[in-house]
Amino acid sequence: MGPAELVAPLQISPAWYVAVCFVLLIALSNLFAPLIRLAAGATEAAGPRIPIPVRSTYLSRIATVETSLGSESADVRDSARQLAKIVRDFARDAWGVKAEHLTYRDAAVAGLDDLAACLRGLYEAEFAETEPTDLQAQIVDARELVAKWS
């Protein structure tokens, strides 16, 4: 058995060239996929949408706090606590954030700026030195938070 007989089995088949070209084509198309989608006119998704039952549940809970606040027997601080709990529960149900004991600073650090702004207003009402008189601004902020992220 001479060297001429060994060369034939070691030659590369043309099918290997086709397979390598196919793999390179897939790799390049995967690499440039974002540019191809951008050129095709695809836009980025606005993010996951919150289900309508979640939104309506929390809007009705906010309305319940607002209605109870209209009665003379309601305490503004207690209503602020209830509203803060509602906002935290919304963050849990909508985004999956463990927000039961989340402060507004924690929310800001986590990148949840809208939640942090809403909680900051509620903290001002809940922990004010004098008895707060109104929660209308905080109720509007809570509604905007639920509506914005729905």
Side-chain angles (χ1 to χ4, degrees), residues 11-150:
Q11 289 180 345
I12 296 177
S13 168
W16 284 107
Y17 290 116
V18 171
V20 168
C21 288
F22 183 69
V23 168
L24 286 175
L25 181 66
I26 290 174
L28 286 175
S29 65
N30 201 12
L31 181 68
F32 291 108
L35 293 175
I36 293 169
R37 280 192 298 267
L38 185 64
T43 59
E44 282 190 34
R49 293 191 49 84
I50 298 168
I52 291 173
V54 171
R55 177 180 56 188
S56 62
T57 299
Y58 286 99
L59 287 176
S60 68
R61 286 178 66 186
I62 292 169
T64 303
V65 170
E66 184 178 27
T67 304
S68 70
L69 191 59
S71 69
E72 295 297 323
S73 62
D75 181 28
V76 177
R77 287 185 199 271
D78 194 36
S79 297
R81 276 187 217 103
Q82 290 174 359
L83 202 55
K85 180 173 178 8
I86 291 169
V87 169
R88 288 185 182 105
D89 289 346
F90 173 75
R92 181 196 65 225
D93 288 347
W95 307 312
V97 175
K98 292 183 180 179
E100 186 177 344
H101 303 290
L102 191 72
T103 66
Y104 73 89
R105 288 184 184 141
D106 296 336
V109 168
L112 302 170
D113 296 327
D114 296 327
L115 178 64
C118 188
L119 286 174
R120 180 179 295 130
L122 291 168
Y123 268 40
E124 291 170 0
E126 189 176 350
F127 299 113
E129 289 184 20
T130 61
E131 184 67 28
T133 58
D134 191 27
L135 277 182
Q136 281 307 112
Q138 289 83 358
I139 290 171
V140 168
D141 287 344
R143 279 196 177 118
E144 287 177 0
L145 175 74
V146 173
K148 181 185 287 186
W149 290 100
S150 298

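- In this structure, OG in Ser29 is found 10.5 Å from CG in Leu24, a value given to the nearest 0.5 Å.
- Checking side-chain atoms of Gln138 against main-chain N and O of Leu122 turns up no donor-acceptor pair under 3.5 Å.
- Note that CD1 of Ile26 and SG of Cys21 are 11.5 Å apart. Values are rounded to the nearest 0.5 Å.
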* Asked: Val109 and Arg105: side chain to side chain contact (heavy atoms under 4.5 Å, CB included), yes or no, with the steps?
  -> CA-CA 6 Å; Val109 168; Arg105 288 184 184 141; 5.5 Å; no
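- In this structure, Leu115 and Val87 have side chains that are in contact, with non-hydrogen atoms separated by less than 4.5 Å.
- At least one side-chain heavy atom of Glu66 sits under 4.5 Å from a side-chain heavy atom of Gln136.
- Within the 4.5 Å cutoff, the side chain of Gln82 has no heavy atoms near those of the Thr64 side chain.
- Here the closest non-hydrogen pair linking Leu135 and Ala80 is CD1-N, 3.5 Å.
- Residues Ala116 and Ala108 come closest through the heavy atom pair CB-N, 3.6 Å.
- Within the 4.5 Å cutoff, the side chain of Asp93 has no heavy atoms near those of the Thr57 side chain.
- To the nearest 0.5 Å, the span separating OG1 on Thr103 from CZ on Arg120 amounts to 10.5 Å.
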* **Verdict with supporting geometry, Asp114 and Glu144, side chain to side chain contact (heavy atoms under 4.5 Å, CB included)** => CA-CA 9 Å; Asp114 296 327; Glu144 287 177 0; over 6 Å; no
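- Shown here for Leu69 and Ser79, the closest heavy-atom pair between the two residues is CD1-OG, 3.4 Å.
- In this structure, Leu59 CG and Leu145 CG are separated by 10.0 Å, a value rounded to the nearest 0.5 Å.
- Between the side chain of Tyr58 and the main chain of Asp89, a donor-acceptor pair closer than 3.5 Å is present.
- Taking a 6.0 Å sphere around CZ of Arg77, one finds it holds more than 12 heavy atoms contributed by other residues, nucleotides or ligands.
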